[in-house]
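The figures that follow rest on heavy atoms only: side chains count, while hydrogens, waters and symmetry mates do not.
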Amino acid sequence: MELVKAYDPSQVEEALYRTWMERGYFRALPDRRRAPWAVMMPLPNVTGELHIGHALNNTLQDVQTRFWRMRGRNALYQPGTDHAGIATQNVVERELARQGLRREDLGREGFEQQVWRWVEKYGQIIYAQLQRLGVSCDWDRKIFTLDPDYYDAVQEAFVRLYRKGRLYRSRDYMVNWCPRCATALSDLEVVHEELDSFLWYVRYPGADGSEGVVIATQRPETILADVAVAVHPEDSRYRHLVGRQVVVPLVDRPVPVVADPRVDPEFGTGAVKITPGHDPLDYEIGKDHGLPILVVIGEDGRMNDQAGHFAGLERFEARERVAQALQQAGLVVHREPYRTRVGRCDRCHTVIEPALSEQWFCDVREMAQRAAEAIRAGRVRFFPERWAGVALDWLDNIRPWCVSRQLWWGHRIPVWWCEVCHHPVASKAVPQEACPACGARAWRQDPDVLDTWFSSALWPFATLGWPRDTEDLRYFYPTSVLITDRGILFLWVCRMIMFGLEFMDEVPFHHVYINPTVMDLQGRRMSKSLGTGVDPLQAIRRYGADALRFGLVARCSQAQQDLRFDEKMVADTRNFANKVWNATRYVVRTLEGWDPYAVDPASLQLRTADRWITSRLQRTIQAVTAAYEAYEFDRAAKTLYHFLWSEFCDWYLEMSKVLLQDPQAQDTTRYTLWRTLEVALRLLHPIMPFVTEAAWQALPHRGDSVMVAAWPEADLGPVDPAAEEEMELVQGVVREIRSLRADLRTPPQERVEVHLVAGGTGAILQMHRLLVEALARARVRFVEECLRPHPVAGGVVGPVEVWVPLDRAQADRLAQRAREELEEVERELQRVRARLGNPDFLRRAPAEVVEAERARLREVEARRDKLSRYAVPQPPRG
RNA sequence: GGGCGGAUAGCUCAGCGGGAGAGCACGUCCCUUACAAGGACGGGGUCGCAGGUUCGACUCCUGCUCCGCCCACCA
């Protein structure tokens, strides 16, 4: 077979992917005879295309899926996309804005149609990107969170929670209100940010004409809604004022001074204005003191008609104008710069307004408690482990979850209000019955939709058919592992655990692997809005999906920290794919007309080199398997890179060229070449599915695809420390000779004459003489000792001295090289002697450490003695 | 304000109590019949700073300095 010289991913990847799909390798159907394994894709938002972060996340999932599939599990990789309520609504609104339209212009249905068009487009782009990446999802199962069955599951979940009393409508909380999106948000959808602002110190005169009190505020515009001033009960400065009245500036409203322990006497003046309508703490204090609630800022972020002549002003404009008015009234006693924190809408970055608004809340206390128990009991394990603590902190301090959104895009809340008496009934469809409260039969559905995360919390079981009792659900639930980004630990991961326990009475997954965040070279987060997003398709087109995958796995998957991505590293790993490909070409050529399956492996006489590479292969199988099992992706990748490139290609493959010249070693060498590469390809397949498949198909093989070949199980029988030690010696001698050649400027074609003083290793090196001579391009003579009748240059490799006779000028030059090495050995010797000369060390260090140190002393001394022969100026001639 | 992670070779990162590592980049030589997307041989680091524990610290402890992230109702 003729194989092209340079591996070209663009020629093979898409065709191989089609073949895999056509053969149904990605399908996972319940099969009681096989053990299941499942991973749920963190559903991408249909807001846009995928970036490198998604590529990493999905690659890691695919690595796991392919690994477990090869290990014989019935592996399901569930794909899908998220309608992403507010996020998608916003991007479509932005599209409309470009045409000068608002969603109100289209009406609710018209707008939804517009969003569906967007969803079609980006849903397809996302799936195409994932397929190009090579992930082995079961595409027949792909799900969108607004698909009819999924929609039904969401409604079912809501109705069940409602009937259980876990969902309730309340206006007893301050919610996060986004004036631009005109919807409430959950606490998790608010991002906090530092901002330079001011602190105004404003005088509130006493109602009785006394001087009153000075308060500090960052939000003068809310003064218009003040209903009290509060001080700390223990604060002697203000004790006399408690119970008296002060006058709210500009509106001239007399309000009481109340005492409340939640006031911090250290901050500002120790007196705080109370605005229950616009501040969460003030709301609490107001409630406890029976204070009225005034609202001056409307849902649109403008001052309402309660704001007097500030009405209609945008809230930040109003802040300036109110401050000016206070100034003019002579009531501002001081203004200072102040660094504060504001909450912003996660989606549109608008400053959040804490507001009173009637919303649906979910009481998650009990669910959170069960989730925390499951984590503490180890039924859900986190990798790295520290994330369990982060999750527990949140679960242990859980607060009510605001689940209603005043949006048009999402799952409608399945609650119906009686048009007559406003009595609510939860039901998936229009209630057929009469209103239980008033007997009327006119129902109107709640206009709100649910928080997107309410629906995605059902993902691990709603995808498998819940609420129906399906075979899929019984077989694949709970899933094996969740692989995701830390950014959605609370939003999604914790809530899936809560809902899994609530609806399935079982955790949704046993393991959670938190993958690193991919950043650009400047350390900025990958993000489309920052312009730092890198399109995975661009890297794939240039270097191939395998190169991107291997690069991400090898370089961006150390679970301990975030990593910086540079497309250049994909170019680096492209070279590795090429290396694997060319090694395969060599082996294929070597095997031509020869069938490894006709060989009885037991009959082969293995040489040291064969035993060495086989031993290394077994260790590699063991290390790589353990790494995949422990989610140490980078370790698996690096181990394979080293084995294939440095051990197999650089050494065994080169040795095989020598070994194959011996007719008696041919079968063994061919067999070992084939076997080693074939097994290594299987180990590498989960990370680099394409090149391994192409290479595997080119090699003699049994079965249809490496994708469905059995995972190699480590066999420690062939592990052979003696062979490893022997080959290390051979390699050391070869390296030393090459180094001498380089220093001697020996022309590449020329064989160098080398003398070996091999001592006790003479027999071994004699045996490998041909290897050494070929690999080092040398002619080797074994001698008893370095008699140095002539000038020489040389080096020391463990117990072996390697030297070459040469003319005096060369020798003097090269003695310098040995001298430098000798100096270092001397320094080392000093260190070892100093340590052994320390009585404390001898007394306190463990015996084996002391013994090791003594052995090292002997070793270093021997090396020093040998080396010193080559480090001195050459003796005078004659 | 609390918590977490990071600081090691020019770059990206491993190592985490007893001899400083990898890949890339760099230098020299080589188009040797798998691969120049390659091979061989090299150069390069007071392991952020300051203390402490220890026979011994890049590795453990404390403090500090920078960088990043998360949580929190001091207006």
Side-chain angles (χ1 to χ4, degrees), chain A residues 3 5-7 174 187 192 199 215-219 222 230 262-269 271-275 279-285 338 340-341 354 384 386-387 389-390 393-394 397 486-487 489-490 517 519 521 523-525 543 547 554-556 558 560-566 568-569 571-590 634-635 638 641-642 645-646 649-650 653-654 657 734-735 738-743 745-749 775-777 828 831-832 835 838-846 849-850 852-853 856 859-860:
Chain A
L3 303 174
K5 200 167 165 181
Y7 177 66
M174 277 264 148
D187 296 337
H192 295 272
L199 202 52
I215 59 90
T217 182
Q218 314 177 44
R219 300 196 61 189
T222 64
R262 284 166 286 195
V263 177
D264 176 7
E266 304 294 318
F267 188 88
T269 61
V272 59
K273 69 191 209 58
I274 298 298
T275 321
D279 182 90
L281 178 62
D282 290 8
Y283 176 75
E284 294 299 322
I285 291 177
Y338 186 69
T340 185
R341 286 220 143 141
R386 62 188 151 91
W387 292 107
V390 180
D393 277 349
W394 186 74
N397 298 293
R486 60 158 191 266
L489 180 61
F490 308 142
T517 302
M519 298 182 298
L521 275 181
R524 292 172 306 183
R525 224 187 148 116
Y543 305 111
R555 308 288 285 286
C556 289
Q558 293 91 339
Q560 288 308 315
Q561 68 172 59
D562 295 340
L563 292 128
R564 298 179 185 208
F565 175 87
D566 179 12
K568 195 163 64 67
M569 104 195 167
D572 298 345
T573 49
R574 178 265 315 262
N575 297 353
F576 179 53
N578 191 50
K579 191 75 179 175
V580 170
W581 177 250
N582 275 292
T584 305
R585 284 179 64 218
Y586 170 79
V587 174
V588 166
R589 191 179 299 185
T590 306
D634 63 307
R635 200 156 64 85
K638 285 168 182 161
Y641 186 94
H642 179 257
W645 200 314
S646 305
C649 290
D650 287 351
L653 212 143
E654 292 304 322
K657 294 174 185 173
V734 169
R735 281 202 191 94
R738 285 171 176 166
S739 180
L740 280 168
R741 290 181 64 102
D743 287 344
R745 312 251 184 276
T746 309
Q749 307 306 332
L775 296 178
R777 288 191 172 264
E828 175 63 13
R831 280 197 293 271
V832 178
R835 200 165 301 157
N838 178 351
D840 282 333
F841 174 73
L842 298 177
R843 200 166 55 242
R844 303 191 193 225
V849 172
V850 175
E853 206 64 22
R856 203 161 133 225
E859 201 178 295
V860 177

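- For B:G43 and B:A25, the C1' atoms lie 13 Å apart once the distance is rounded to whole Å.
- Among the atoms of the strands shown, none is found under 4.0 Å from any heavy atom of A:Arg741.
- Rounded to a whole angstrom, the distance from the C1' atom of B:C58 to that of B:U46 is 12 Å.
- Rounding to the nearest 0.5 Å gives a distance of 3.0 Å between OG1 of A:Thr275 and NZ of A:Lys273.
- A:Arg844 is linked by a salt bridge (charged side-chain N to carboxylate O under 4.0 Å, His left out) to nothing, counting only residues two or more places apart in sequence or in another chain.
- Going from the P atom of B:C4 to that of B:G18 covers 26 Å, rounded to whole Å.
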Mind listing the N/O atom pairs, protein and nucleotides 20-23 of chain B, below 3.5 Å?
none

Each nucleotide N or O in nucleotides 51-53 of chain B that has a protein N or O under 3.5 Å away: list the pair and distance.
none

Once pairs are restricted to Watson-Crick or G-U wobble with both distances under 3.5 Å, how does RNA chain B read as a dot-bracket string, [ ] for crossings and | for other-strand pairs?
((((((((.[[[[.)..(..]]]].(((((.......))))).....[[[[[..)....]]]]])))))))....
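- Between the C1' atoms of B:C31 and B:A37, the separation comes to 14 Å (whole Å).
- Side-chain atoms of A:Lys5 and base atoms of B:C35 include no donor and acceptor less than 3.5 Å apart.
- On the C1' atoms, B:U28 is 28 Å away from B:U8, given to the nearest whole Å.
- At whole-Å resolution of the value, CE in A:Met519 and P in B:C69 are 9 Å apart.
- Distance from the side chain of A:Arg486 is smallest for B:C69 among the nucleotides B:A75, B:C69, B:C13.
- For B:A40, its base never sits under 3.5 Å from the side chain of A:Arg738 at any donor and acceptor pair.
- Across the C1' atoms, B:C41 and B:G52 are found 45 Å apart, a figure rounded to whole Å.
- At whole-Å resolution of the value, CZ in A:Phe841 and C1' in B:G56 are 8 Å apart.
- Between the C1' atoms of B:G44 and B:A34, the separation comes to 32 Å (whole Å).
- Residues forming a side chain to side chain donor-acceptor pair (under 3.5 Å) with A:Tyr586 (at least two apart in sequence, or on another chain): A:Ser656.
- If you check every strand for non-hydrogen atoms under 4.0 Å, A:Asn838 touches sugar and phosphate atoms only.
- In this view, A:Tyr7 and A:Trp581 satisfy the ring pair (Phe, Tyr, Trp, His ring centres under 6.0 Å) rule, not counting sequence neighbours.
- Atoms CZ (A:Arg589) and P (B:U33) sit 10 Å apart, rounded to a whole Å.
- Atom CD in A:Glu654 sits roughly 8 Å away from atom P in B:A34 (whole-Å rounding).
- In this structure, the side chains of A:Gln749 and A:Arg777 come closer than 4.5 Å at one or more pairs of heavy atoms.
- Comparing A:Glu853 and A:Asp264, the nucleotide of RNA chain B nearest to each residue sits closer to the 5' end for A:Glu853.
- B:C29 and B:C61 have their P atoms separated by 50 Å, given to the nearest Å.
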